[in-house]
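All values below were derived from every heavy atom in this structure, side-chain atoms included, with hydrogens, water molecules and symmetry-related copies excluded.
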Amino acid sequence: QVQLVESGGGLVQTGGSLKLSCAASGRIIKINAMGWYRQAPGKQRELVATTTRGGHTNIADSVKGRFTISRDDAKNTVDLQMNRLKPEDTAVYYCAADHGTVGYWGQGTQVTVSS
């Protein structure tokens with residue numbers, strides 16, 4: 001079992017910044033991909049950014065150039081630095097991890113960007 005705990009969400013004004021962090025714990029054998037998804041009210045959950053041990057990074061076009069994902073493989077953590085936030089970034093952000101053939105989700109952290 002792997003547990004993911006997110007932190008860093010909050011309320012920020014348009015143009016501001018937030019840093020989300022996710023820490024994986026539990027019986028970790030090997031985490032391949034880690035990343036972030038988000039879900040706004042009435043919307044489907046969508047990919048924000050993911051990264052793999054191989055160095056491949058997948059970043060949504062809507063956040064490219066504003067968000068940066070970073071990962072510490074040794075610590076099993078992944079961060080999402082969010083800059084120049086926009087109201088449309090408002091959502092619950094979920095950490096995700098690919099542990100072998102099993103995927104895990106965090107509980108989510110709310111990010112609200114005010115106008």
_With heavy-atom distances below 4.5 Å as the criterion, would you say the side chains of W36 and V78 are in contact?_
yes
*Specify the closest pair of heavy atoms between L4 and C22, including all atoms of both residues, with the distance to one decimal.*
CB-SG, 4.0 Å
*Should we say atom CD of Q110 is surrounded by more than 12 heavy atoms from elsewhere, each under 6.0 Å from it?*
yes
*Got a salt bridge between D61 and K64, using NZ or NE/NH1/NH2 to carboxylate O under 4.0 Å?*
yes
_Quick check: do T57 and I69 have side-chain heavy atoms less than 4.5 Å from each other?_
yes
*asked:* Rounded at 0.5 Å granularity, tell me how far OG in S7 sits from NZ in K19.
replied: 9.5 Å
_Any side-chain heavy-atom pair of W105 and E6 under 4.5 Å_ = no
_If you compare all heavy atoms of Q81 against all heavy atoms of L18, which two are closest, and at what distance to 0.1 Å?_
NE2-O, 3.5 Å
*R84 side-chain N/O to G65 backbone N/O, donor-acceptor pair under 3.5 Å*: yes
*Please name the pair of heavy atoms, one in P87 and one in S115, separated by the smallest distance, quoted to 0.1 Å.*
CG-OG, 3.8 Å
_Atom of L85, atom of R66 and distance for their closest heavy-atom approach_ = CA-NH1, 3.8 Å
*Report yes or no: is the cationic atom of R38 (NZ for Lys, CZ for Arg) closer than 6.0 Å to the six-membered ring centre of Y94, at no more than 45° off its axis?*
no
*asked:* I want to check something: taking the side chain as every heavy atom from C-beta on, are D79 and L20 in contact at a cut-off of under 4.5 Å?
replied: no
*Are side-chain heavy atoms of L11 and S114 found at a separation under 4.5 Å?*
yes
*Indicate, with yes or no, if V102 and I29 share a hydrophobic cluster defined by side-chain heavy-atom contacts under 4.5 Å among Ile, Leu, Val, Met, Phe, Trp and Tyr.*
no
*Report yes or no: do E88 and T90 form a side-chain donor-acceptor pair below 3.5 Å?*
no
*Is any side-chain heavy atom of R53 closer than 4.5 Å to a side-chain heavy atom of D73?*
yes
*Less than 4.5 Å apart, any side-chain heavy atom of T68 and any of L80?*
no
*Please work out which of the three classes, parallel, tilted or perpendicular, describes the rings of Y104 and H99, given edges at 30° and 60°.*
tilted
*For side-chain contact (heavy atoms from CB on, under 4.5 Å), just list the numbers for S17 and M82, CA-CA rounded to whole Å, side-chain angles, deciding distance to a tenth of an Å, and then say yes or no.*
CA-CA 5 Å; S17 298; M82 305 184 294; over 6 Å; no
*asked:* Please give me the minimum heavy-atom distance between C95 and M34, naming the atom from each residue.
replied: SG-CE, 4.4 Å
*Evaluate the criterion side-chain contact (heavy atoms from CB on, under 4.5 Å) for residue pair F67 and V48; output intermediate values, then yes/no.*
CA-CA 9 Å; F67 292 10; V48 179; 3.7 Å; yes
*Is there a side-chain contact between I31 and D98, using heavy atoms and a 4.5 Å cut-off?*
no
*Residues T52 and N32: side-chain donor-acceptor under 3.5 angstrom*: no
